[in-house]
Amino acid sequence: MEKEVFAEINPVGRDEFTAAGQKDYKASMMIEVWGFEYEGQTEIMVDGRKMAIYRTYGPKNTGKVELYAGERIGKS
């Protein structure tokens, strides 16, 4: 089921890029969404690009959840 939400897109830092690589993902971005809008989705579409959500953090005290998205390395 697709769901359109407003989100803040942020780059990932070097540490996150390394951590994602250990899980066989190439980190692309961190997306912040309101916690009530995130329902455990495992994929996200940003500007026509489909990516996997490989890690989440939150909800934070602001009510937002951080979604870390990227592409699986070596996918076929």
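In what follows, every heavy atom counts, from backbone to side chain, and hydrogens, waters and symmetry copies are set aside.
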Within the 4.5 Å heavy-atom criterion, are Thr56 and Tyr68 side-chain neighbours or not?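 SC-SC contact between Thr56 and Tyr68 ruled out.
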Minimum heavy-atom separation for [X] and [Y], please, with both atom names.
X	Y	answer
Ile53	Gln41	CD1-O, 3.5 Å
Arg72	Lys23	NH1-O, 3.8 Å
Val12	Ala27	CG2-CB, 3.7 Å
Val65	Gly58	CG2-C, 4.4 Å

To the nearest 0.5 Å, how far apart are CE in Met51 and CD1 in Ile31?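 Answer rounded to 0.5 Å: 5.5 Å.
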In Å, rounded to the nearest 0.5 Å, how long is the span from CE of Met30 to OH of Tyr57?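 Between atom CE of Met30 and atom OH of Tyr57 there are 11.0 Å.
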Taking salt bridge (Lys or Arg N to Asp or Glu O under 4.0 Å) as the definition, give me every residue that meets it alongside Glu8, ordered by chain and number, with sequence neighbours left out.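 Salt bridge (Lys or Arg N to Asp or Glu O under 4.0 Å) check on Glu8 returns nothing, list empty.
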Salt bridge (Lys or Arg N to Asp or Glu O under 4.0 Å) partners for Lys60, two or more places apart: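 Result, salt bridge (Lys or Arg N to Asp or Glu O under 4.0 Å) vs Lys60: Glu32, Glu66.
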Have a look at Lys64 and tell me which of Asn61, Leu67, Thr62 forms a side chain to side chain contact (heavy atoms under 4.5 Å, CB included) with it.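 Considering Asn61, Leu67, Thr62, a side chain to side chain contact (heavy atoms under 4.5 Å, CB included) with Lys64 is found only for Thr62.
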With the 4.5 Å side-chain cut-off for hydrophobic clustering, are Ile9 and Ile44 part of the same group?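 Ile9 and Ile44: one cluster.
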Quick check: are there more than 12 heavy atoms from other residues, nucleotides or ligands sitting under 6.0 Å from CZ of Phe36?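 Counting neighbours around CZ of Phe36, more than 12 heavy atoms of other residues, nucleotides or ligands fall under 6.0 Å, so yes.
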With Val5, which residues qualify under side chain to side chain contact (heavy atoms under 4.5 Å, CB included), at least two apart?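 Once residues adjacent in sequence are excluded, the partners of Val5 under the side chain to side chain contact (heavy atoms under 4.5 Å, CB included) criterion are Lys3, Val33, Glu37.
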For Tyr25 and Tyr54, take the angle between the two ring planes, folded into 0 to 90°, and tell me which bin it lands in: parallel under 30, tilted 30 to 60, perpendicular over 60.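 If you compare the ring of Tyr25 with that of Tyr54, the planes turn out parallel.
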Does this structure show an ion pair linking Lys26 with Glu71, if we count only N-O contacts that are shorter than 4.0 Å?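 Salt bridge: no.
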